[in-house]
J.: 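Dumping the structure here so I can ask a few things about it.
What you are looking at is a predicted structure, and each value in this text was computed from that prediction instead of being measured. Heavy atoms only: backbone and side chains are in, while hydrogens, waters and symmetry mates are out.
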Amino acid sequence: MTLRSALPGRSPLPGRRALIAAAAALPAGIALAACSSETGDAPSLGGGGDGASDGGGEGASAYDAAIAAGPVADEAAVSGSAWATAIKEKDSFVRGGTTANQVFSIIDPATSKVTGFDAGITQLLARYILGEGGEEKVEYIDTTVETRETMVQNDTVDAVIATYSITPERLEKINFAGPYYLSGTSIQVRTEDAESITGPEDLEGKNLVTQSNSTGIQAIEDNVPNPGKVETLADNESCVAALKQGRVDAYVLDQGVLLGNSKADPDVTVVGEPFTEDPYGIGLNKDKADALEFVNAFLQTIIDDGTWTKLYDATIGQVIDGEAPTPPTIGELPA
């Protein structure tokens with residue numbers, strides 16, 4: 001496993017479960033207001049706990065078991081894809097994303113192990129292409145909301161797997177395999193304010209922050225009546241800082257990112273239910289059309305054999321109560 005930052009100086013959810021399960025059944029034609037959630041550095045992490053992201057406890061054991069039991073593609077499937085063949089020949093899978101989201105992709109500084117739902121999808125795909133042990137042959141490259149499409153287009157990365165929301169605008173630039181998960185835009189507040197703000201209707205007149213170039217901006221425009229000042233900042237860390245320092249009253253973004261913040265920092269809390277539906281996909285180069293078919297086949301395989309559910313239970317399932325949702329339908333993309 002290799003960590004590499006693409007930018008000098010940079011370090012390498014979901015509603016309640018019932019809502020996510022219901023969202024999985026939505027038709028693809030609905031225009032989904034999706035949040036961009038590539039984050040930069042996460043808030044300062046606390047000490048070890050018992051979740052999958054900190055390398056200990058039942059979640060971690062279940063996570064390791066899910067990855068180790070992941071499927072491996074047969075030789076014909078790999079050789080039939082020029083994209084997969086190139087990855088197999090270099091014996092490495094290069095993923096663009098983040099290693100700073102506690103629930104979806106977090107690195108343990110003591111071991112350099114990366115875990116989380118997106119990290120698991122990454123490692124399972126690497127294993128699927130490279131065979132047993134392939135999950136250890138991932139090179140992790142940092143991306144941001146500004147660089148993701150470019151890095152896919154110029155082949156700096158083989159794919160971006162990073163709570164990457166599928167939108168019609170992004171589909172004009174790159175392909176998306178999936179969706180492999182359904183989330184939604186939500187609200188984070190200072191924990192002391194958790195009882196006074198529970199939904200977008202409570203944000204009237206409030207000062208808000210979201211990430212620049214994220215669809216949190218559109219979600220605010222469409223769902224928040226008469227907000228106060230709306231500030232956009234470059235990354236997740238800056239947005240959390242603005243919230244904690246009292247410069248804004250709420251942080252609006254994809255709930256997958258916000259849940260990671262709350263797990264890392266008890267001073268901020270996710271409130272209410274998501275108020276948009278947000279499909280996550282795997283970003284791929286449009287010039288490598290066979291990659292889309294190959295990765296969609298991989299996603300369908302891990303759904304059909306139960307690996308997707310095992311991974312969910314070991315990661316997102318550690319922070320949301322209840323049964324795992326029905327996985328989304330592969331290939332149903334927003335129009």
Side-chain angles (χ1 to χ4, degrees), residues 1-12 34-41 78-101 104-105 107 114 118-119 121-130 134-135 137-180 211-215 232 234-236 254 257 279-299 333-334:
M1 180 270 287
T2 305
L3 291 166
R4 179 154 63 94
S5 176
L7 297 175
R10 294 187 71 93
S11 65
C35 280
S36 171
S37 50
E38 195 59 31
T39 62
D41 292 345
V78 174
S79 63
S81 165
W83 176 81
T85 297
I87 292 169
K88 184 124 185 180
E89 287 177 349
K90 69 182 177 182
D91 200 33
S92 173
F93 180 72
V94 183
R95 187 208 78 170
T98 181
T99 54
N101 181 295
F104 282 85
S105 185
I107 186 169
V114 183
D118 281 351
I121 294 291
T122 299
Q123 292 154 15
L124 287 166
L125 179 54
R127 177 184 173 87
Y128 190 71
I129 298 169
L130 300 174
E135 60 270 24
K137 299 177 181 179
V138 178
E139 180 177 1
Y140 299 88
I141 295 183
D142 287 349
T143 59
T144 68
V145 291
E146 290 84 8
T147 63
R148 288 179 302 194
E149 282 90 48
T150 299
M151 293 174 74
V152 170
Q153 291 170 324
N154 66 17
D155 294 327
T156 301
V157 297
D158 295 315
V160 169
I161 306 175
T163 60
Y164 200 179
S165 304
I166 306 170
T167 68
E169 295 76 19
R170 290 172 184 161
L171 282 166
E172 294 178 1
K173 300 176 182 179
I174 63 173
N175 282 335
F176 278 96
Y180 65 88
Q211 287 189 43
S212 56
N213 295 318
S214 79
T215 51
T232 59
D235 55 39
N236 182 60
D254 181 86
V257 177
Y280 292 168
I282 296 176
L284 299 165
N285 192 321
K286 272 185 179 288
D287 293 336
K288 295 174 168 48
D290 63 293
L292 180 61
E293 181 179 358
F294 184 90
V295 179
N296 274 340
F298 153 74
L299 291 172
L333 307 181

J.: Can you give me the closest heavy-atom contact between Leu333 and Pro179, atom names plus distance?
T.: CD2-CD, 4.0 Å
J.: Once side chain to side chain donor-acceptor pair (under 3.5 Å) is applied, do any residues pair with Lys288, and if so which ones, sequence neighbours excluded?
T.: Asp155
J.: Can you name the salt bridge (charged side-chain N to carboxylate O under 4.0 Å, His left out) partners of Arg95, sequence neighbours left out?
T.: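 For Arg95 there are no salt bridge (charged side-chain N to carboxylate O under 4.0 Å, His left out) partners, ignoring immediate neighbours.
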J.: State, with a plain yes or no, whether a side-chain heavy atom of Ile174 is found less than 4.5 Å away from one of Leu284.
T.: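 No; the side chains remain at least 4.5 Å from each other.
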J.: How long is the straight-line distance from CD1 of Ile87 back to OG of Ser81, given to the nearest 0.5 Å?
T.: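 Here the rounded value is 7.5 Å.
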J.: Who are the side chain to side chain donor-acceptor pair (under 3.5 Å) partners of Glu146, not counting sequence neighbours?
T.: Thr144, Asn213
J.: Is a side-chain N or O of Asp290 found less than 3.5 angstrom from the main chain of Ala82, in a donor-acceptor match?
T.: yes
J.: Tell me, do Ile107 and Tyr140 make a side-chain contact under 4.5 Å, heavy atoms counted?
T.: no
J.: Is it the case that more than 12 heavy atoms not belonging to Gln153 sit under 6.0 Å from its CD atom?
T.: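 Result for CD/Gln153: enclosed.
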J.: Considering non-hydrogen atoms only, spot the tightest contact between Ala126 and Phe93 and give its length.
T.: CB-CB, 3.9 Å
J.: Name all residues meeting the salt bridge (charged side-chain N to carboxylate O under 4.0 Å, His left out) criterion together with Asp91; count only those two or more places apart in sequence or in a different chain, and write none if there are none.
T.: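 Partners of Asp91 under the salt bridge (charged side-chain N to carboxylate O under 4.0 Å, His left out) test: Lys137.
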J.: Rounded to the nearest 0.5 Å, how far apart are CD of Glu135 and CG of Leu130?
T.: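 Reported to 0.5 Å precision, the distance equals 9.5 Å.
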J.: Report the residues that fulfil side-chain contact (heavy atoms from CB on, under 4.5 Å) with Thr232, sequence neighbours left out, ordered by chain and then residue number.
T.: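 Counting only residues at least two positions away or on another chain, Thr232 forms a side-chain contact (heavy atoms from CB on, under 4.5 Å) with Thr210, Ser212, Ile217.
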J.: Donor-acceptor pair, Thr85 side chain versus Val78 backbone, under 3.5 Å?
T.: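 Looks like yes, one N/O pair under 3.5 Å.
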J.: Could you tell me if the side chain of Trp83 sits less than 4.5 Å from the side chain of Leu292, heavy atoms only?
T.: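 Counting from C-beta outward, Leu292 and Trp83 never come under 4.5 Å.
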J.: Does Lys173 have more than 12 heavy atoms from other residues, nucleotides or ligands lying within 6.0 Å of its NZ?
T.: no
J.: Return yes if some donor-acceptor pair links the side-chain N/O of Arg148 with the main-chain N/O of Gly96 below 3.5 Å, else return no.
T.: no
J.: Quick one: side chain to side chain donor-acceptor pair (under 3.5 Å) partners of Lys90, sequence neighbours excluded?
T.: Asp158
J.: Excluding sequence neighbours, so at least two apart, what forms ring-ring contact (aromatic ring centres under 6.0 Å, His included) with Tyr128?
T.: Phe294, Phe298
J.: About how many Å separate OG of Ser92 and CD1 of Ile129, when rounded to the nearest 0.5 Å?
T.: 10.5 Å
J.: Restricting to ring-ring contact (aromatic ring centres under 6.0 Å, His included), what partner residues turn up for Phe176, sequence neighbours left out?
T.: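 Scan of Phe176 (ring-ring contact (aromatic ring centres under 6.0 Å, His included), adjacent residues dropped) gives Tyr164.
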J.: Output all residues satisfying side chain to side chain donor-acceptor pair (under 3.5 Å) with Asn296, sequence neighbours left out; order by chain, then residue number.
T.: none
J.: Donor-acceptor pair, Ser105 side chain versus Asn101 backbone, under 3.5 Å?
T.: no
J.: Is there a side-chain contact between Pro334 and Thr167 (heavy atoms, below 4.5 Å)?
T.: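 In short, these two side chains do not touch, never coming nearer than 4.5 Å.
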J.: For the residue pair Leu299 and Ile282, establish whether any side-chain heavy-atom pair is separated by less than 4.5 Å.
T.: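 Leu299 vs Ile282: side chains touch.
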J.: Report the distance from atom OG1 of Thr143 to atom CD1 of Ile161, rounding to the nearest 0.5 Å.
T.: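 If we round to the nearest 0.5 Å, Thr143:OG1 and Ile161:CD1 are 11.0 Å apart.
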J.: Nearest 0.5 angstrom please: Asn285 CG to Asn175 CG, how far?
T.: 8.0 Å
J.: For the atom pair CD1 (Ile121) and CZ (Phe104), what is the distance rounded to the nearest 0.5 Å?
T.: 10.0 Å
